[in-house]
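Have a look at the structure below, then the notes.
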Amino acid sequence: MNWNDCQSYIKINPPKEFNFEECLVYLGRSNQEVLHEIKEGSLYKLIKVNERLILFKLEYINHYIKVEFLNDIPNKNDREEVAKYIWEWFDLNTNLNEFYALANHENLLKGITHKYYGLRMISIHDLFETIVWAILGQQINLTFAYTLKRRIVERYGESLIINGDTYWLFPSYEEIAILNVDDLRQLQITMKKAEYIIGIAKAMKTGELSKEIIVEQQDYQEVKKSLIQFRGIGAWTADYVMMKCLHYTNSFPIADVGLHNAIKQLLGYDRKPTIEELEELSARWEGWQGYATFYLWRSLYD
DNA sequence: ATCCAGGAACTGT
DNA sequence: ACAGTTCATGGA
């Protein structure tokens with residue numbers, strides 16, 4: 001991690017392969033998003049560090065990310081935690097040169113990696129949030145999924161009001177673990193999904209499921225297998241979680257409808273690609289299937 | 001109206 | 001192992 005602590009604010013020094021604007025396009029893909037806000041090229045987000053709420057504003061200035069604190073100035077230790085958070089949020093540990101080198105020999109990826117150069121995997125720090133978002137999104141349109149997310153956040157999440165603007169935190173698994181299925185049913189979440197979500201929350205509360213435990217196994221197949229053991233997590237969700245939360249650049253939600261639509265559009269098909277075609281197309285993406293998928297998703301927002 | 005949506009579990013073979 | 005069915009509701 002490369003950063004400077006200027007006490008009243010901090011500077012993050014990202015690698016060369018970083019484009020803040022491109023990341024903002026992805027983060028701004030839905031106007032229903034409640035967990036961050038984009039205004040005039042700046043990104044606002046509320047997080048919780050060591051039980052303290054921290055609201056910050058990100059801007060890209062002179063090749064660094066400036067992080068301004070909008071409520072209290074965190075102490076030295078918490079400022080470092082914020083820096084770590086942002087470093088992980090934009091997946092700044094990953095060296096994209098290898099991906100770009102590989103993409104240059106790929107018909108499907110060559111164009112979009114140049115077009116969206118510097119786009120990083122926008123990750124979700126919280127494992128519970130990632131899994132819930134994936135479950136909510138299963139088999140429904142994205143607009144409705146955002147509506148459900150907004151309802152669960154505004155009903156069960158913490159918030160901070162500054163200058164009349166409300167900033168939200170995703171609810172913790174502790175808060176959801178004590179709910180009944182009916183509580184979530186009231187938000188129009190289906191019974192099955194409500195069961196899945198509460199089950200995941202309970203598994204996290206007992207410590208049976210956590211980022212630490214899952215990642216301990218390291219191996220892609222092992223991690224995926226252990227995720228799938230939980231009800232509500234199938235192959236697609238496991239890959240989604242490994243991609244968006246656990247930073248596995250080789251995770252590949254091959255059945256993803258967004259991925260299919262992106263490929264259909266880029267290749268000018270009048271139908272979605274078959275699984276066989278996807279396997280053939282992705283044969284040379286080894287190690288970078290997650291980034292390939294993410295760049296393909298980005299191509300849907302032009 | 002009708003189809004389908006960033007799937008997963010369940011059932012029957 | 002594999003295919004078909006059910007869940008559930010809104011968006012286009």
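Below, chain A is the first sequence line, B the second, and so on; all start at residue 1.
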Query raised in the report: Partners of A/R29 by salt bridge (charged side-chain N to carboxylate O under 4.0 Å, His left out), sequence neighbours excluded?
Result: none
Query raised in the report: Mapping A/G258 and A/I228 onto DNA chain B by nearest heavy atom, which one lands closer to the 5' end?
Result: A/G258
Requested in this report: Please list, by residue number, the residues of residues 235-254 of chain A whose heavy atoms come closer than 4.0 Å to an atom of DNA chain B; answer none if no residue qualifies.
Outcome: A/A235, A/W236, A/T237, A/Y240
Report task. Name all residues meeting the salt bridge (charged side-chain N to carboxylate O under 4.0 Å, His left out) criterion together with A/D302; count only those two or more places apart in sequence or in a different chain, and write none if there are none. Result -> A/K115, A/R298
Query raised in the report: Atom CG of A/L184 to atom P of C/dC7: distance rounded to whole Å?
Result: 20 Å
Query raised in the report: Residues in salt bridge (charged side-chain N to carboxylate O under 4.0 Å, His left out) with A/E33, at least two apart?
Result: A/K149
Query raised in the report: With a non-hydrogen cut-off below 4.0 angstrom, is A/F230 in contact with a base, only sugar-phosphate, or nothing?
Result: sugar-phosphate
Query raised in the report: For A/W3, which residues count as a ring pair (Phe, Tyr, Trp, His ring centres under 6.0 Å) partner, sequence neighbours excluded?
Result: none
Query raised in the report: What residues form a side chain to side chain contact (heavy atoms under 4.5 Å, CB included) with A/D72, not counting sequence neighbours?
Result: none
Report summary line: What residues 117-140 of chain A contributes to the DNA chain B interface at heavy-atom separation below 4.0 Å is A/G137, A/Q138, A/Q139, A/I140
Query raised in the report: At under 4.0 Å between heavy atoms, what does A/R185 touch on the DNA or RNA strands: base, sugar-phosphate, or nothing?
Result: sugar-phosphate
Query raised in the report: Other than A/Y44, which residues form its hydrophobic cluster under the rule that side-chain heavy atoms must be closer than 4.5 Å?
Result: A/L46, A/L53, A/L55, A/L70, A/L160, A/I162, A/Y167, A/L169
Pick out the pairs of N or O atoms, protein on one side and nucleotides 10-12 of chain B on the other, that lie under 3.5 Å.
from, atom 1, to, atom 2, distance (Å)
B/dC10, OP1, A/R231, NH2, 3.4

Query - Pairwise ring pair (Phe, Tyr, Trp, His ring centres under 6.0 Å) hits with a residue in residues 105-127 of chain A, at least two apart - result: A/Y85-A/H125, A/Y100-A/Y117
Report summary line: Ranking B/dG7, C/dT9, B/dA9 by distance to the side chain of A/V257, first place goes to B/dG7
Query raised in the report: Residues in salt bridge (charged side-chain N to carboxylate O under 4.0 Å, His left out) with A/E174, at least two apart?
Result: none
Query raised in the report: Who pairs with A/W285 by side-chain hydrogen bond (donor to acceptor under 3.5 Å, both in side chains), at least two apart in sequence or on another chain?
Result: A/E106
Requested in this report: Determine the interplanar angle of the A/F90 and A/F18 rings, folded into 0 to 90°, and report it as parallel if under 30°, tilted if 30 to 60°, perpendicular if over 60°.
Outcome: perpendicular
